[in-house]
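Data first, discussion second: the structure below is written as structure tokens.
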Amino acid sequence: MFWVTKFSGFFAAAMVMIVLSPSLQSFPPAEAIRSSHLESYLRFPSQITPTVPLNRFSFRKAPVFRNAGECTSNDRRILGKTGVCHPSLVHVAITLDVEYLRGSIAAVHSILHHSRCPESVFFHFLVSETNLETLVRSTFPQLKFKVYYFDPERVRNIISTSVRQALEQPLNYARNYLADLLEPCVSRVIYLDSDLVVVDDISKLWSTSLGSKTIGAPEYCHANFTKYFTTSFWSEPRFSGTFSSRKPCYFNTGVMVIDLKKWRRVGYTKRIEKWMDIQKTNRIYELGSLPPYLLVFAGHVAPIEHRWNQHGLGGDNVKGSCRDLHPGPVSLLHWSGSGKPWLRLDSKEPCPLDSLWAPYDLYGFSS
């Protein structure tokens, strides 16, 4: 974690780079757990053929990370008996796809780098392409993870057009189905977008109390909540009335702590799908997967400190202009918006804060 004062963009990036860079900062030793390499970890329909040519990408192998001395024993013999159900695990879900693969790899790298007990971090990768596992294994040979196939057809007919095409991709909606995809023994999960890096110990986010709520996220009650829905939504009482008994606040769905046990019991997936169906015929919002979450959960979210989602670093959904960090402590940097740090760095036109993402980048083209 680090603290940001309101600097100009270039100065702020230069200052916090000293704090964040893996090559400059010393962190507690840690090691990612070796996965079992069992085929049962890969949930793909047998009839689907690989869709991603492996020679397209190459990633440098990540360092070996080791647990700090005070961590709970979590060696391979213990995990071999209980696997993903081991009670000491911290569960993190991230999507993997070709367009955002570079970001996902950097996100994983950042989590391991800053965790005191990375042997307790178990990654759940959601995919719609069938041979990304090899890339993950070659980059993180000792990583403990499972891969889950999300069928795009499950949502294709209920996705509506959005202000940005990337928001229309079926995998963007996989987070709605975590309670179905993950094992029943997984009762809590941290969902993270692929365009972020974690600069603090992920266990701090994991231990957040949700109280009686199903999800936790940083809330932004000063934001203009009405802009997330169309005029027709607010003028129609049968739609806008959903907020009549609560005080809704905007929250970003790229960083959430989810109580999967409560989610399954209440059946929130069906509630989200219901609003997506309504959207197809009534056009009540313009953004992608966010508004259904606001409709179901806004006003019923366990608040998490803002340091866990310094979002908006990718600018808006059109221009992707450069942004400064918000003042205050920072545990997670999130390039939500249309501007992605890897694309801007490759184009030689980076924003100042993109330099904070670069140290976690393990990407390189194959020859």
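Heavy atoms only: backbone and side chains are in, while hydrogens, waters and symmetry mates are out.
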Fill in: Residue pair R264 / S187: nearest heavy atoms and the distance that separates them
NH1-CA, 4.4 Å
Worksheet item: Salt bridge check: are R344 and D354 linked by an N-O gap of less than 4.0 Å?
Response: yes
Worksheet entry | Residue pair E133 / F145, side-chain heavy-atom distance below 4.5 Å | yes
Fill in: Geometric class of the W357/W342 ring pair [parallel <30°, tilted 30-60°, perpendicular >60°]
tilted
Worksheet item: Is a side-chain donor or acceptor of S194 paired with a backbone partner of L96 at a separation under 3.5 angstrom?
Response: no
Worksheet item: Is D200 salt-bridged to R307, cutoff N-O under 4.0 Å?
Response: yes
Which atom pairs, one a donor and one an acceptor, fall under 3.5 Å between side chains of residues 242-250 and the rest of the protein, sequence neighbours left out?
from	atom 1	to	atom 2	distance (Å)
T242	OG1	R246	NH2	3.1
S244	OG	G241	O	2.8
R246	NE	T242	O	3.0
R246	NH1	L295	O	3.4
R246	NH1	A298	O	2.6
R246	NH2	T242	O	3.2
R246	NH2	L295	O	2.5
Y250	OH	N252	ND2	3.4

Discussion item. Over 60° means perpendicular and under 30° means parallel, so tell me whether F229 and F225 are parallel, tilted or perpendicular.
Written reply: tilted
Practice prompt. Kindly assign one of parallel, tilted or perpendicular to the pair H109 and F140, based on the angle between their ring planes and the thresholds 30° and 60°.
Written response: tilted
Worksheet entry | Side-chain donor-acceptor contact under 3.5 Å, T269 with W263 | yes
Worksheet entry | Derivation and outcome, side chain to side chain contact (heavy atoms under 4.5 Å, CB included), residues V199 and Y360 | CA-CA 10 Å; V199 294; Y360 306 101; 3.9 Å; yes
Practice prompt. Without swapping roles, check the side chain of R188 against the backbone of I258 for a donor-acceptor pair under 3.5 Å.
Written response: no
Worksheet item: Looking only at heavy atoms, which two atoms of G254 and L196 are closest? And how far apart?
Response: O-CD2, 3.9 Å
Worksheet entry | Salt-bridge contact R102-D346 (side-chain N to carboxylate O under 4.0 Å) | yes
Worksheet item: Looking just at side-chain N and O atoms, do H124 and Y191 make a donor-acceptor pair shorter than 3.5 Å?
Response: no
Item to complete: Could you pull out the closest heavy-atom pair between V127 and L171, with the gap in Å?
Response: C-CD1, 4.0 Å
Fill in: Side chain proximity check, F233 to S240, heavy atoms < 4.5 angstrom
yes
Discussion item. Whether the E183 and Y148 side chains hold a donor-acceptor pair (N or O, under 3.5 Å, no angle test) is what I'd like checked.
Written reply: yes
Discussion item. With disulfide (SG to SG under 2.5 Å) as the rule and sequence neighbours excluded, what pairs involving residues 268-303 come up?
Written reply: none
Worksheet item: Rounded to the nearest 0.5 Å, how far apart are CD of Q310 and OG of S336?
Response: 10.5 Å
Discussion item. So, taking the atom named NE2 in H300 and the one named CD1 in I215, what distance separates them when rounded to the nearest 0.5 Å?
Written reply: 11.0 Å
Item to complete: Specify the closest pair of heavy atoms between R271 and V266, including all atoms of both residues, with the distance to one decimal.
Response: NH2-CG1, 3.4 Å
Item to complete: Rounded to the nearest 0.5 Å, what's the gap from CD on E99 to CD on E129? Could you check?
Response: 10.0 Å
Worksheet item: Ignoring hydrogens and geometry, is there a side-chain-to-backbone donor-acceptor pair from H114 to D201 under 3.5 Å?
Response: no
Item to complete: Can you label the angle between the H311 ring and the H326 ring as parallel, tilted or perpendicular, going by 30° and 60°?
Response: tilted
Practice prompt. Evaluate the criterion side chain to side chain contact (heavy atoms under 4.5 Å, CB included) for residue pair V92 and V189; output intermediate values, then yes/no.
Written response: CA-CA 6 Å; V92 178; V189 69; 5.9 Å; no
Fill in: Separation between CG of L89 and CH2 of W206, rounded to the nearest 0.5 Å
8.0 Å
Worksheet item: How far apart are the closest heavy atoms of V198 and S110, and which atoms are they?
Response: N-OG, 2.9 Å
Discussion item. If we ignore hydrogens and angles and just use 3.5 Å, is the side chain of H306 paired with the main-chain N or O of E219 as donor and acceptor?
Written reply: yes
Discussion item. Check the orientation of F251 and Y293. Use parallel for under 30°, tilted for 30 to 60°, and perpendicular for over 60°.
Written reply: perpendicular
Worksheet item: Between the side chains of W335 and D193, does any donor sit under 3.5 Å from an acceptor?
Response: no
Worksheet item: From L178 CG over to L126 CG, what is the distance, rounded to the nearest 0.5 angstrom?
Response: 5.5 Å
Fill in: Nearest heavy atoms of W308 and P218, plus distance in Å
C-CG, 4.3 Å
Fill in: Side chains of S232 and R283, donor plus acceptor under 3.5 Å
no
Worksheet entry | Distance, nearest 0.5 Å, that separates NZ of K280 from CE of M276 | 8.5 Å
Worksheet entry | Residues R60, T139; criterion side-chain hydrogen bond (donor to acceptor under 3.5 Å, both in side chains); working and verdict | CA-CA 6 Å; R60 300 186 303 279; T139 307; over 6 Å; no
Worksheet item: Are more than 12 heavy atoms from other residues, nucleotides or ligands located less than 6.0 Å from atom NZ of K261?
Response: no
Practice prompt. Just jot down the side-chain contact (heavy atoms from CB on, under 4.5 Å) partners of E236, sequence neighbours excluded, or say none.
Written response: R238, F239
Worksheet item: For the side chain of T281 and the backbone of I278, is there at least one donor-acceptor N/O pair under 3.5 Å apart?
Response: yes
Item to complete: Give a yes or no answer on whether the side chain of R175 reaches the backbone of T253 with a donor-acceptor pair at less than 3.5 Å.
Response: yes
Worksheet item: Ion pair present between R154 and D180, side-chain N to carboxylate O less than 4.0 angstrom?
Response: yes
Practice prompt. Establish, yes or no, whether a centroid distance under 6.0 Å links the rings of Y177 and F150.
Written response: yes
